[in-house]
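Here is the structure we will look at.
Lettering of chains follows the sequences in order, A, B, ..., and the numbering in each one begins at 1. Note: hydrogens, waters and symmetry copies are ignored here, and every other heavy atom, side chains too, is used. Computed from a predicted structure; not experimentally measured.
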Amino acid sequence: DQQVKQNSPSLSVQEGRISILNCDYTNSMFDYFLWYKKYPAEGPTFLISISSIKDKNEDGRFTVFLNKSAKHLSLHIVPSQPGDSAVYFCAATFGSARQLTFGSGTQLTVLP
Amino acid sequence: DAGVTQSPTHLIKTRGQHVTLRCSPISGHKSVSWYQQVLGQGPQFIFQYYEKEERGRGNFPDRFSARQFPNYSSELNVNALLLGDSALYLCASSLTAGTANQPQHFGDGTRLSIL
């Protein structure tokens, strides 16, 4: 059973526009959420995170929104750049081990 | 500063063999976690170690084992390899275990192919 879901396998956006990547989760125990970016032949790189006590966190061009009642989070990238083209994974954690539970990823392509 | 380093980068084995994958965490990081990523899916948690003790185990068979050494490096061992073990194996490190706002940092992985 997939506890973290990314229902869009791919997304294409024009350079300079906003990219919105979505993620849903089912386990209400999750209390910390992260986004990772992955380029081919590289490991995932940490982007941004949010605690369940917040509903928004910003870092430069990246903003993560959390809607706990809907069990939904989203990553906004503004403005999108061609270098943002990568696979984006959302992940969630809880408990003492803090193991990451990942979604299946969304391939973002930013077109010049 | 060096990031998480994994070796080897690629490995080809046949069914029934065993394999050992190695990971060196970021300097100062004491927790190491292992993940398996098969094509088209997100990474799946296998093990977490902190201060040489196992802190968490994912839903993997007993053919998978790991350990952490006094210098905080780690090995993942897989016995009796199956075709389905073909995947990218990722190692991640963090300063400690169990702290939410300490994100895990990943190495570039070992690509394991089983023939």
Take a 6.0 Å sphere around NZ of B:K13 and say whether it holds more than 12 heavy atoms from other residues, nucleotides or ligands.
yes
Per-residue contact mode, A:A41 against chain B (heavy atom under 4.5 angstrom)
backbone
Using a cut-off of 6.0 Å, state whether more than 12 heavy atoms not belonging to B:L39 lie near its atom CG.
no
For A:P44 against B:G107, the heavy-atom pair lying closest together
CD-O, 4.5 Å
Per-residue contact mode, B:Q48 against chain A (heavy atom under 4.5 angstrom):
side chain
Exceeds 12 heavy-atom contacts within 6.0 angstrom, atom CZ of B:R15
no
Kindly say whether the aromatic ring centers of B:F106 and A:Y36 come within a distance under 6.0 Å.
yes
Distance from B:T96 atom OG1 to A:R98 atom CZ, nearest 0.5 Å?
10.5 Å
If I measure from the heavy atoms of chain A, does B:Y50 come under 4.5 Å with its side chain, its backbone, both, or neither?
neither
Are more than 12 heavy atoms from other residues, nucleotides or ligands located less than 6.0 Å from atom CZ of A:R61?
yes
Above 12 or not: heavy atoms from other molecules or residues under 6.0 Å from NE2 of A:H72?
yes
Do you know which of A:T93, A:L34, A:L100 has the most heavy-atom pairs with chain B at a distance under 4.5 angstrom?
A:L100
Distance from A:F102 atom CZ to B:Q37 atom CD, nearest 0.5 Å?
8.5 Å
Answer yes or no: are there more than 12 heavy-atom neighbours, outside B:N59 itself, under 6.0 Å from its atom CG?
no
From B:Q104 CD over to A:Q99 CD, what is the distance, rounded to the nearest 0.5 angstrom?
9.0 Å
